[in-house]
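Every chain is numbered from 1, with letters handed out A, B, ... down the list of sequences.
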Amino acid sequence: MSRYNPRATEMKWQRQWDEASIFRAENTSTKPKYYVLEMFPYPSGRIHMGHVRNYTIGDVLTRFYMARGFNVLHPMGWDAFGMPAENAAMEKGTHPADWTYDNIAAMRTQLKQVGLAIDWSREIATCDPDYYGHEQALFLDFLEAGLVYRRESWVNWDPVDNTVLANEQVIDGCGWRSGAPVERRKLSQWFLKITEFADDLLDGLKLLERWPEKVRLMQENWIGRSEGLRFTFLITGRDEGIEVYTTRPDTIFGASFCAIAADHPLAARLATDNAELTAFIAECRRMGTSQEALEKAEKKGFNTGLTVRHPFDDTLELPVYVANFVLMDYGTGAVFGCPAHDQRDLDFARKYNLRVQPVVVPQDVPVADFSVEEEAYVGPGRLAHSDFLDGLSVEEAKTRVIDRAEAEGWGKRSVTFRLRDWGVSRQRYWGTPIPIVHCESCGTVPVPREHLPLTLPEDISFDKPGNPLDHHPDWKHTSCPSCKKPALRETDTLDTFVDSSWYFIRFTAPDSSQPIDMDAANYWLPVDQYTGGVEHAILHLLYARFFTRALQHCGHVSLKEPFDGLFTQGMVNHMTYRDEDGKWVFPSLVRERDNGALMRSDTGAAVEAGRVEKMSKSKRNVVDPDDIIDQYGADTARWFVLSDSPPERDLVWTETGIEGAWRFTQRLWRLVSGAQGSLVAPGTAIADPVSEDSLALRRVVHKAIAGVTADIEGLHLNRAVARLYELANAIGGCDVPQINPAVYREALESLVRLVSPMMPHLAEELWQSLGHKTLLAGADWPQADAAMLVDDTVTMGVQVGGKLRDTIVVAKDAPREDVEAVALASDKVMRAIDGKTVRKVVVVPNRIVNIVV
RNA sequence: GCCCGCUUGGCGGAAUUGGUAGACGCAAGGGACUUAAAAUCCCUCGGCCUUUAGGCUGUGCCGGUUCGAGUCCGGCAGCGGGCACCA
């Protein structure tokens with residue numbers, strides 16, 4: 001028999017699907033909708049196995065829900081702005097746009113070879129002026145709605161490259177490209193008010209039942225809501241105070257110092273005539289970027305000489321320090337330190353010989369016996385040495401202090417979030433230009449909407465350090481839209497996370513003249529199943545949730561949670577190899593010698609296998625999807641990435657694994673296409689009654705249908721694969737002449753249809769070989785016959801004293817007494833009982849019998 | 001440091017609400033076919049003992065609940081992930 005030739009076959013069906021526009025989603029339909037989406041790729045140049053896995057998972061769902069009668073939207077686009085394009089421009093001199101569009105073209109071709117059921121008519125690229133022009137309009141909407149503002153904030157500044165660095169570009173305190181020590185600088189930046197929605201984003205998490213618990217928890221921690229007291233310490237001898245925030249107002253009587261951040265305005269004022277303090281503040285600022293690890297451990301402070309008065313005790317004065325561990329961005333930028341009940345404060349107090357007064361004592365310890373030495377006590381207990389709080393629990397004491405502070409007017413109950421507003425300004429070329437003009441007389445003026453899209457200039461140069469938009473000869477020079485006088489454009493561009501915060505909405509109406517077609521958005525959203533890597537658990541997913549709320553606020557959509565179901569898939573890993581020189585070796589170059597040792601196929605040098613790690617270019621443990629598809633075809637690659645490992649866990653790519661998948665591909669081909677001679681015409685009804693063998697086969701088939709269906713719905717794709725192996729084994733093990741031909745056809749057709757979401761090309765080919773004239777991609781999903789799912793008999797285990805001794809076959813739902821009788825009649829069971837008294841017999845219907853002796 | 005998750009054969013992994021542990025795949029070993037190889041097919045495959053039959057033991061470790069625990073509870077260890085001077 002001929003072998004299956006994937007290359008020709010796959011191309012043939014891809015063309016047919018394309019010609020039939022079978023994956024095109026309609027914005028109006030009588031069918032229920034289902035929106036499948038995988039996180040869109042950055043066009044880095046070539047797809048990798050992680051992409052293949054990600055998009056195959058989504059593709060299985062797409063084809064499955066299509067077959068189940070849904071109107072399915074499964075689009076693809078490109079997260080096309082970002083730094084790699086600029087890096088390529090600097091290194092190779094290619095224009096970012098050319099580099100990006102070339103990469104998109106290459107990756108589109110590759111993705112098409114995977115045979116994905118994608119509606120390519122909706123393809124978008126975020127670097128397309130049509131897309132980012134609409135994004136600019138949304139930015140202006142947000143501005144009008146008061147969700148955008150501008151303020152100064154600190155950035156990592158590379159003084160050689162004249163550019164702002166992202167945190168990951170700062171390596172050991174130095175710029176990744178220039179190697180120059182990074183400075184902290186204050187720049188005016190645009191912010192989106194995500195904190196406005198902090199409570200709502202937190203509350204919304206509870207309703208996201210189809211999200212992984214882990215991701216919800218990570219977002220919850222990221223938002224970091226806390227409740228506490230905000231109050232002002234009066235500075236002794238001055239007519240001003242220091243506002244502090246605390247979540248432990250109950251420990252107020254244990255306070256022994258007040259600490260303010262290095263960036264606190266008071267610190268700045270005190271530093272004007274204090275060189276030592278100036279030096280200390282400078283040291284704190286360096287800390288953030290440079291010697292983090294070194295300094296992290298040590299709590300340092302600078303005694304300002306000021307003191308503040310304790311709110312409950314006029315006689316008590318607390319010293320005021322500038323401390324390196326207090327953050328200006330959180331709370332009020334100032335705290336009171338209670339060393340006995342906070343480890344950080346304790347370390348600080350020990351260093352500067354400050355009072356350590358325990359005020360919370362564990363329940364079972366006498367107050368007099370309790371002291372704190374090197375470890376702060378943070379557990380529950382009752383209050384002591386605390387005046388009117390003595391004897392109260394921590395919770396009671398918190399409430400009492402806050403109530404009193406509010407009654408006396410010097411403090412307020414306050415909710416604080418760790419979450420900060422989203423800084424979206426980037427000092428780069430390859431991003432969405434921020435549609436703002438800076439005018440000396442009018443201030444910041446929005447670019448009029450009729451001038452959108454505000455496009456990037458094409459004639460730019462990366463010869464000079466810094467932002468090309470900034471030193472472009474004329475781009476930034478314009479006139480003020482308001483007063484018409486000469487003015488300057490904003491030269492910052494938007495964070496690329498903005499681009500990815502609404503692309504899933506644009507997919508619903510990619511050609512709309514408005515940023516969002518509300519009808520289309522409301523029809524398709526929310527995304528029913530969103531799939532991507534867990535590395536986007538916080539930022540991308542939180543920004544998209546915020547963005548959707550902001551769009552709702554501005555009247556663009558009528559929902560606030562964009563993703564109903566979220567699935568985070570695992571990474572694709574591979575064994576690493578090194579040669580004698582310690583150089584990483586590509587797996588495709590590794591060969592096995594006869595004695596089992598590994599060698600390089602090109603040089604013959606010995607190779608040593610290392611750990612299994614995430615596929616990465618730097619370690620060269622990558623397998624190129626193109627090579628795999630060339631050699632085995634897309635179906636085999638798809639099958640392999642779906643088999644064995646549950647999709648949420650890491651997958652280890654192995655050469656033997658892909659070989660196994662390839663063998664199964666061939667086996668299916670032989671099993672189905674080899675049956676042609678013995679088949680009845682398509683659609684032949686199964687005449688009752690059928691033989692025992694035929695009935696048994698039908699039962700297996702229908703159980704497989706039910707099982708695979710449930711597995712795909714539950715995203716247990718590896719289990720679905722295992723069931724399909726079982727079904728193929730069962731069909732292959734049949735004595736074909738003994739099987740009713742219509743039953744055999746049903747078995748083969750079911751197998752082909754169940755396999756089709758995973759191996760769509762092969763399934764299509766086999767469907768045709770079974771005599772069908774229409775595309776399988778448009779066919780219905782098989783229905784399990786409930787009557788075939790129940791057996792007449794069940795096999796039950798029989799335990800004696802909890803140990804399995806025998807299994808018995810009894811009628812399904814047989815009466816308890818009958819089951820007991822059969823169980824007790826078993827030789828093996830009698831031997832195990834061995835004359836002991838039977839105290840009790842537990843019978844769990846259709847499951848197990850346990851005889852207690 | 002805090003929070004979360006995981007731990008089942010040589011390997012990846014199955015196992016409804018607690019109910020026959022190891023489905024399915026990979027690897028390994030043996031056999032058939034073949035001049036030979038590839039491909040394919042058949043058999044074995046957690047460990048220990050045993051002639052068959054069978055017995056004992058076994059889901060990271062210790063303990064508990066239960067007629068019955070991979071599954072539930074308490075403690076411990078190891079691995080992985082997230083966050084981190086967040087007051």
Would you say [X] reaches [N]'s phosphate, i.e. side-chain N/O to OP1/OP2 under 4.0 Å?
X: A/Arg663; N: B/C26; result: yes
X: A/Asn729; N: B/C24; result: no
X: A/Tyr725; N: B/G25; result: no
X: A/Arg670; N: B/A39; result: no
X: A/Arg418; N: B/C2; result: no
X: A/Lys214; N: B/G81; result: no

Side chain of [X] (C-beta onward), nearest among [options]:
X: A/Asn718; options: B/G13, B/G55, B/A87; answer: B/G13
X: A/Asn221; options: B/A23, B/G55, B/C3; answer: B/C3
X: A/Trp222; options: B/A87, B/A84, B/C3; answer: B/A84
X: A/Thr656; options: B/C26, B/G55, B/A23; answer: B/C26
X: A/Lys840; options: B/C67, B/A14, B/C3; answer: B/C67
X: A/Leu804; options: B/A87, B/A84, B/U20; answer: B/U20

Touch class at under 4.0 angstrom, heavy-atom based, for A/Val326 against every strand present
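If one applies the 4.0 Å heavy-atom cut-off, A/Val326 turns out to touch a base.
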Give me the distance, rounded to whole Å, that separates [N] from [M] when you measure between the [atom1] atoms they each carry.
N: B/A38; M: B/G22; atom1: P; result: 33 Å
N: B/C62; M: B/G81; atom1: P; result: 28 Å
N: B/G78; M: B/G60; atom1: C1'; result: 8 Å
N: B/U66; M: B/C79; atom1: P; result: 35 Å
N: B/G68; M: B/A23; atom1: P; result: 27 Å
N: B/A14; M: B/G63; atom1: C1'; result: 29 Å
N: B/U20; M: B/G70; atom1: P; result: 10 Å
N: B/C42; M: B/C6; atom1: P; result: 38 Å

Both distances below 3.5 Å, Watson-Crick or wobble geometry, any strand: find the nucleotide opposite [N].
N: B/A27; value: none
N: B/C48; value: B/G55
N: B/C6; value: B/G78

A/Arg225 vs A/Asp199, salt bridge (charged side-chain N to carboxylate O under 4.0 Å, His left out): CA-CA, chis, key distance, verdict:
CA-CA 8 Å; A/Arg225 185 182 197 276; A/Asp199 258 322; 3.0 Å; yes
Can you tell me how far C1' of B/G54 sits from CG of A/Asp806, to the nearest Å?
13 Å
Measure CZ/A/Arg649 against C1'/B/U8 and give the value in whole Å, please.
10 Å
Side-chain contact, heavy-atom cut-off 4.5 Å: A/Val794 with A/Val809?
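Contact flag for A/Val794/A/Val809 side chains = no.
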Any donor-acceptor pair under 3.5 Å linking the side-chain atoms of [Y] with those of [X]?
X: A/Glu655; Y: A/His574; result: yes
X: A/Asn729; Y: A/Arg667; result: yes
X: A/Tyr245; Y: A/Ser226; result: yes
X: A/Thr665; Y: A/Thr636; result: yes
X: A/Asp421; Y: A/Thr195; result: yes
X: A/Arg649; Y: A/Gln569; result: no

Tell whether A/Lys299 reaches the base of B/C85 with its side chain through a donor-acceptor pair below 3.5 angstrom.
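Indeed there is one.
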Walk me through whether A/Arg805 and A/Asp827 qualify under salt bridge (charged side-chain N to carboxylate O under 4.0 Å, His left out).
CA-CA 10 Å; A/Arg805 293 301 170 182; A/Asp827 284 349; over 6 Å; no
Would B/G81 be called syn or anti here, given the cut-off of 90° from 0?
anti
Tell me which residues in residues 841-853 of chain A lie within less than 4.0 Å of RNA chain B, going by non-hydrogen atoms.
A/Val842, A/Val844, A/Arg847, A/Ile848, A/Asn850, A/Val852
